[in-house]
Q: 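For reference, the structure I am asking about is given below.
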Amino acid sequence: MSLRNFSISKLKMDLSQGSTIAISEALVFLSDVISKATDINSLINRLSDTALMLFSARPASGLLFNALRSLLLSALRLIKEMPDVHFVKESLTKEIYQLVSTYKNALKSIATIGVKRLEDDDIILTGTYSSTVFSILKQAAEEGKHLTIYVTESRPGSEGLQLAKDLSKMGFKVVLFVDSAVRYFMKEVDKVLLGAEAIAANGAVVSKVGTSLIALAAHEARVRVFIATSIFKSNPRTMLGELVTLEEASPALIMSKERLRELNVNVRCPLFEVIPPEYIDALITERGLIAPQAVPLIMRSLYGWPPEHIDLEKLAKSLKRYVKEEVNST
Amino acid sequence: MKIPHEVLKIIEDIRTMRVRGAGKIARTAAKALIIASEEYRGTSLKEYLTYMELIAERLKNARPTAVSLPNAVNYVLSRLKKASMEPSSTLNKAKFIVRESANDFIKRSFEAIKKIGEIGSKRISDGEVILTHCNSTAALSVIITAHHQGKHIEVFATETRPKFQGHITAKILAKEGIPITLIPDSAVRYFMKDIDKVIVGADTVTANGAVVNKVGTSLIALAAHEARVRVFVAAETYKFSPATVLGELVMIEERDPTEVVPPEYLYENPEVIVRNPAFDVTPPEYIDAIITEKGIIPPQAAILILEEEYGWVLKDYFIKELNFAEES
């Protein structure tokens, strides 16, 4: 994991490597920011401010939300335990690397489970670049399964081009086409396999824009839809009725500045959208295959019932207040 | 007899989509027939007829999917053949027939667009948000006519990969002063809840009312159907395909992959197969109505238009090929 490539705008708009890797990079960036703190005040300020900044760059991401929530909660627990900058810093850094490796391991477990759903000679349709989907397909390649993979171009961003390239290098037959051709090809497809940005309490999945159209066309053609996702992408805020914020990207993602100036029209470029649970046959998670409607069960095990501490801003505020009132005054 | 250079250029322009849009293709083909006819330097009527048939075939083969092309060509050729069968026919008379019928087709085509605008605009109410796909003259005629009637409408246009015809649509509508928002094709379902009506064009309407149009149309119609948004297809009657009554399938053209990815990508990734279908088929159950210059019909009544417009073609076929006349 290198910091050289990290930037907030990349975290926000670049979906070319999948959310798991992007969020892991963001967390490593966070560990770098807190490593420069020299006292407990600056540590907590750096942690809270950077956490909120990262979150605002990618508010739809369940994985990022959960990681930041868990780190802020840990920070609160740690300073209560021992308000020593080195102790808190080291513990948090350790936790960050633990989270990153948890995600990595989840990919492996998901691959082991998901690959069983892919059969020889299947035609699999996928879109965008999901490292979770990729890990399942990689496992399938290693097991020598003969698959044909249909890949959508996946505008805005066009990550499909890189995905098609990587999958063909793994030895699969790969067919690439524009997003609008999904229904044209759906009758040939056996299974749809997609990744997720977040999972809501009702089993709806937030994913790259275009995926709900794919799921709809699959549903119409009675083609099974699988979502490969870590349970850590589940967003507990949705259990209390919050809507997931869906970011829109700048028009630059779909046309050149010159063209934009020439046309002089309004351009909207959403990045994520919601796939309703009724179009999803199953979620493939590291805890096994589950129906999307069973997501509250997973959420209960991760966040308690009802879920607690799910407002990052409040968490950051109470951290700062604690440092100000309890640590500084002693 | 050689095919004139100018006609060859038109055929090439249709093939490479420098001339595009089903209506425009049809009118250009009619014009090409006039040019070919005027350029004919021979003196034999028989040779002229063979020559014109060759040109007609070449034109029809330039693009395989849009039926407006063969319909335009057949419109002229059938009149030419009928006239040349008369004993008094001469080469000059034949040339006159081609010029007259081709010009007649072009005139009717423009009138049809106008009429479709008048009829279709009645279906648009003040304050509505319209979604359109690709760049359809007939669909835009409906939208622009409604705008000229003083209805405040807003339009969402898909960018329409791979060739971005949505940019042309956006430009035309912006020039008319209609608020327009361009979106990627993949965002259609995301925006569908904000849309009141979908209006698209057609390349071909089949006997059962299915509509062949720019790839992505069927996906939009599906998303509209899911959201209970009405879908209108604006189509001139020469976009209805008589051949489909006889069971023929509409061939969906797949175009060059370099329209989708740059040539370097294909060169660097020879294993990746890039497929580029230009059209897809929207089933009639996702279409609320087809707006033609003769009126609004439910898609399932396509056969009515076909009988009215091409009844003679069909009758000829049934008599000649199936010997229905003898049996009865």
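Treat the numbers as computed from the prediction; the structure is a model and nothing was measured. Letters A, B, ... mirror the listed sequences (proteins, then strands); counts begin at 1.
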Q: Which one wins on heavy-atom pair count under 4.5 Å against chain B: Lys173(A), Glu273(A), Glu220(A)?
A: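 Heavy-atom pairs under 4.5 Å are most numerous for Glu220(A).
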Q: Can you give me the closest heavy-atom contact between Arg183(A) and Val281(B), atom names plus distance?
A: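 Arg183(A) and Val281(B) have their closest heavy atoms at NH1-O, 3.2 Å.
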Q: Relative to chain B, which of Val178(A), Val151(A), Leu161(A), Asn264(A) shows the most heavy atom pairs under 4.5 Å?
A: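 With the most close heavy-atom pairs to chain B, the winner is Leu161(A).
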Q: Do other residues, nucleotides or ligands put more than 12 heavy atoms under 6.0 Å from Arg224(A) CZ?
A: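 No, because the 6.0 Å sphere around CZ of Arg224(A) holds 12 heavy atoms or fewer from other groups.
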Q: May I ask you to name which of Val175(A), Asp179(A), Val274(A), Leu271(A) has the most heavy-atom pairs under 4.5 Å with chain B?
A: Val175(A)
Q: Highest number of heavy-atom pairs under 4.5 Å with chain A: which of Ile220(B), Asp280(B), Val215(B), Val188(B)?
A: Val215(B)
Q: Between Glu159(B), Lys171(B), Lys175(B), which has the largest tally of heavy atom pairs under 4.5 Å with chain A?
A: Glu159(B)
Q: Around atom NZ of Lys257(A), are there more than 12 heavy atoms of other residues, nucleotides or ligands at under 6.0 Å?
A: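 For Lys257(A), atom NZ is not crowded (no more than 12 foreign heavy atoms under 6.0 Å).
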Q: Answer yes or no: does atom NE2 of His148(B) have more than 12 heavy-atom neighbours from other residues, nucleotides or ligands under 6.0 Å?
A: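 Yes, enclosed.
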Q: Look at atom NZ of Lys145(A) and say whether more than 12 heavy atoms of other residues, nucleotides or ligands are closer to it than 6.0 Å.
A: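 Yes, the 6.0 Å shell around NZ holds more than 12 heavy atoms from other groups.
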Q: Only pairs of heavy atoms separated by less than 4.5 Å count here; which of Thr217(B), Val261(B), Ile180(B), Thr160(B) has the most with chain A?
A: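 Top option by heavy-atom pairs under 4.5 Å: Ile180(B).
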Q: Considering non-hydrogen atoms only, spot the tightest contact between Ser180(A) and Leu219(B) and give its length.
A: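 Nearest pair, atom of Ser180(A) first, then Leu219(B): O-CD2, 4.0 Å.
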Q: Would you say CD of Gln149(B) has more than 12 non-hydrogen atoms from neighbouring residues, nucleotides or ligands within 6.0 angstrom?
A: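 Correct, the count exceeds 12.
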Q: Is the backbone N or O of Pro277(B) less than 3.5 Å from a side-chain atom of Tyr184(A), with the two atoms forming a donor-acceptor pair by type?
A: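 Such a contact is absent between Tyr184(A) side chain and Pro277(B) backbone.
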Q: Less than 4.5 Å to any heavy atom of chain B: does that hold for the side chain of Lys208(A), its backbone, both, or neither?
A: neither
Q: What part of Glu254(B) gets within 4.5 angstrom of chain A, counting heavy atoms only: side chain, backbone, both, or neither?
A: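 Contact with chain A is through the side chain of Glu254(B) alone.
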Q: Heavy-atom distances under 4.5 Å only: say whether Phe191(B) touches chain A with side chain, backbone, both or neither.
A: side chain
Q: What is the distance from atom CG of Leu176(A) to atom OH of Tyr265(B), rounded to the nearest 0.5 Å?
A: 5.0 Å
Q: Check each atom of Phe185(A) against the heavy atoms of chain B and say whether the ones under 4.5 Å are side chain, backbone, both or neither.
A: side chain
Q: Heavy-atom count check: over 12 atoms from other residues, nucleotides or ligands less than 6.0 Å from Arg20(B) CZ?
A: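 Counting neighbours around CZ of Arg20(B), more than 12 heavy atoms of other residues, nucleotides or ligands fall under 6.0 Å, so yes.
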Q: Quick check: are there more than 12 heavy atoms from other residues, nucleotides or ligands sitting under 6.0 Å from NZ of Lys24(B)?
A: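 Open.
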Q: What residue in Ala187(B), Ala174(B), Ser218(B) has the most heavy-atom pairs under 4.5 Å with chain A?
A: Ser218(B)
Q: For Asn266(A), is there any backbone N or O sitting under 3.5 Å from a side-chain donor or acceptor partner on Thr181(B)?
A: no
Q: Using a strict 4.0 Å threshold on nitrogen-to-oxygen distance, state whether Arg161(B) and Glu153(A) make a salt bridge.
A: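 Salt bridge: yes.
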Q: Shortest non-hydrogen contact from Leu216(A) to Ala223(B)?
A: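 Between these two residues, the closest heavy atoms are CD2-CA, 3.6 Å.
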Q: Can you tell if the side chain of His167(B) reaches within under 4.5 Å of the side chain of Glu262(A), non-hydrogen atoms only?
A: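 His167(B) vs Glu262(A): side chains apart.
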Q: Would you mind checking which part of Asn276(B) comes under 4.5 Å of any heavy atom in chain A, side chain (CB onward), backbone (N, CA, C, O), both or neither?
A: neither
Q: Check whether any side-chain heavy atom of Arg155(A) sits under 4.5 Å from a side-chain heavy atom of Asp185(B), and report yes or no.
A: no
Q: Please classify the contact of Met255(A) with chain B as side chain, backbone, both or neither, using a heavy-atom distance under 4.5 Å.
A: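 The answer is the side chain of Met255(A).
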